[in-house]
Amino acid sequence: MKQLLIHEIYQKEPIDQEICVKGWIKTRRDSKGGFSFLEINDGSSLKNLQIIADNSLKNYQQDILKLFPGASVKVEGILVSSPGGNQKMELKAESVRIYGFSDVTTYPLQKQRISFEKLREIAHLRGRTNTFGAVTRVRNALSFATHCFFQERNFYYLNTPIITTSDCEGAGQLFRVTTLDFNNLPKNKQGNINCESDFFSQEASLTVSGQLEAETYACGLGRVYTFGPTFRAENSNTSRHLAEFWMVEPEMAFTNLTQDIALAEDYLKYLINYILNHCKDDLEFFNLRIENSLLEQLNKIVSSKFITLTYTDAVKILSRNRNFSFPVEWGIDLQSEHEQYLTEVEFKKPVVLTDYPKSIKPFYMRMNDDNKTVAAMDVLLPKIGEIIGGSQREERLDCLQNRLKELDLHENDYWWYLDLRRYGTVPHSGFGLGFERLVKLCTGMGNIRDTIPFPRVPGNAKF
RNA sequence: UCUACAAUAGCUUAAUGGUAAAGCUUUUGGCUGUUAACCAAAAGAAUAUCAGUUCGAUUCUGAUUUGUAGAGCCA
């Protein structure tokens, strides 16, 4: 007997064939006509399969009438076309084997609405709900599409280290990695902790970005991308931040900022096109239940040509509007309200801002000829805000050394990064995309904690 | 971290300075090729924690904890 996933059944419609399905009960409705309707779901689709369990089944009284949401079953029978209105097919059961019952008095996922906040407290079970099933399938599709996109363009998938000893960007608080005994920390004469006896013989922490390591391999293999976890110990309590999140970071040798922007735009459109074509049911569900403008937003991103303008021009546009709570002047970092104004009021489409003042960007970005701005770019989306940040990297040794000095950073700490500029330096560029923010964009979920199976945030790393 | 708001049955919500109401879930009965079914009954709550005001606090005040939204930081 052929075992099928529910999504395969809806795809192939093997009517009148004998099949086997395994999954979890969503609901049971009994008919006094002498049978029960079981809705089962196996995670392969948003759709459930309706099972007809007749009371002539051996274990009808004993088992089937005790099936409640959450129970796991194997059903064998014949797939028939359904007389009911809401489904094309149903499975007429010849046998129902129960793997595990579910206690209806304690199982939290009954057929009733549960808030996302409550579901976060039972993250081990929320994957069984419609919403989190759909989020997980879309997240998977985006992940697969990411690899497809870069592989098709001859990028190598690169695994950069998760434990690092360099705070390269100087950005963000780091999570310390140590095996020292906290109750008996080794101290030197000055009273500071002596890291030489620690596991790595120096201070180590979880990575905040794989970019600098990715640059090293891009300057040898040409095109690489990373896709891995990153960690920020910032005390950020918002619906857009996680302490542990996944980042996609392509890095390309022999490219400038214009090519970097083009790649970013292609990548975003590729991803959205992919899910529009491969996750139709899930996206329609999100559009109906979660965010009514989702499909409109996604289609708009795919169909619009992104606007590119310099930070300086953006400041000119923003200066015309006096109604901001943070006044705009050249040199400030743009606030959320300013980004929103550009994407939602002024242009009403994705906007790529370029050439930011050097003072608000990290040391590795390439200095422009004006010596005031750097070759940076941020992709801003309506309603979402910044989703991609990138730049052309500084490839000139002397310029990079000057920047390190200006920012009071020590050359010694960046010796290997500087070596790339000493030996066969090339212009190169890249960007970073926060994967959970992408999932948020593509599902319409309001809180980033609901875009990753087990979110890590200040004060909470349960499960 | 800052600002605002919230916390009441298993879940989702209501109400009131005088110990709490409803829907869903559950149980029982009725009806039914049903489909987040329907009808009737039953069961189910020291109203987040700790103080204070008061004859009396779930309601007012303060603190704490947790959560949400926005801001900052950023992806």
Side-chain angles (χ1 to χ4, degrees), chain A residues 26-40 47-54 66 68-70 80-87 90 92 102-122 129-130 169-173 208-211 229-249 289 324-326 332-340 360-362 378-381 384-390 431-441 446-452 457-460 462:
Chain A
K26 283 279 196 178
T27 65
R28 188 193 83 230
R29 295 180 294 275
D30 300 325
S31 168
K32 284 297 186 299
F35 58 95
S36 296
F37 299 97
L38 305 175
E39 294 274 337
I40 72 167
K47 293 191 192 115
N48 302 325
L49 184 66
Q50 177 163 289
I51 310 291
I52 308 298
D54 197 84
K66 289 177 194 155
F68 289 102
V80 295
S81 55
S82 174
N86 286 10
Q87 64 279 320
E90 61 191 21
K92 182 122 182 38
S102 175
D103 184 349
V104 72
T105 59
T106 53
Y107 186 64
L109 302 178
Q110 301 300 332
K111 50 173 183 179
Q112 62 206 353
R113 270 176 205 281
I114 302 190
S115 63
F116 292 140
E117 292 78 34
K118 189 59 84 176
L119 284 173
R120 265 172 235 149
E121 294 170 15
I122 48 167
T129 63
N130 289 338
E169 292 199 61
Q173 297 289 313
V208 295
S209 162
Q211 181 202 313
T230 48
F231 308 86
R232 307 270 167 99
E234 296 285 354
N235 190 10
S236 295
N237 291 289
T238 80
S239 54
R240 304 182 308 284
H241 290 85
L242 292 166
E244 176 181 298
F245 64 100
W246 288 64
M247 195 147 61
V248 178
E249 296 176 291
R289 297 294 181 89
F324 294 122
S325 33
F326 293 89
I332 63 151
D333 210 350
L334 297 183
Q335 308 292 322
S336 298
E337 57 174 346
H338 306 137
E339 296 179 351
Q340 278 164 20
I360 56 172
K361 289 292 179 185
D378 283 357
V379 180
L380 311 177
L381 296 181
I384 299 290
E386 183 182 343
I387 187 144
I388 285 178
F431 62 78
L433 169 134
F435 194 65
E436 282 71 22
R437 288 192 180 170
L438 174 74
V439 177
K440 193 167 177 279
L441 161 73
N447 194 314
I448 201 163
R449 296 165 195 209
D450 299 325
T451 63
I452 186 168
V457 294
N460 194 337
K462 296 203 178 91

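Naming: A, B, ... by sequence-line order, numbering from 1 per chain. When reading the values below, keep in mind they use all heavy atoms of this one structure, side chains included, and skip hydrogens, waters and symmetry mates.
The phosphate of G72(B) has neither OP1 nor OP2 within less than 4.0 Å of any side-chain N or O from N237(A). Contact annotation: K118(A) side-chain N/O to C11(B) OP1/OP2 distance is under 4.0 Å. OP1 or OP2 of U35(B) has not a single side-chain nitrogen or oxygen of N86(A) nearer than 4.0 Å. For the pair S115(A) and U12(B), the criterion of a side-chain N or O lying under 4.0 Å from OP1 or OP2 is met. Note on R232(A): every side-chain N or O is 4.0 Å or more away from OP1 and OP2 of C74(B). Between U68(B) and R449(A), a contact under 4.0 Å exists linking OP1 or OP2 to a side-chain N or O. A close approach under 4.0 Å does not occur between any side-chain nitrogen or oxygen of T238(A) and OP1 or OP2 of G72(B).
Where stacking is scored as ring centres under 5.5 Å apart with planes under 30°, F37(A) does not register as stacked on the base of G33(B).
The side chain of E90(A) has U34(B) as its nearest neighbour among A36(B), A71(B), U34(B). When the nucleotides C74(B), U32(B), U26(B) are ranked by their closest atom to the side chain of D333(A), C74(B) comes out on top.
In this structure, the NZ atom of K361(A) is 11 Å from the C1' atom of A75(B), given to the nearest Å.
Both N447(A) and L433(A) lie near RNA chain B, and the one whose nearest nucleotide falls closer to the 5' end is N447(A).
Between N48(A) and E39(A), the shortest heavy-atom distance links the atoms CB-OE1, 3.1 Å.
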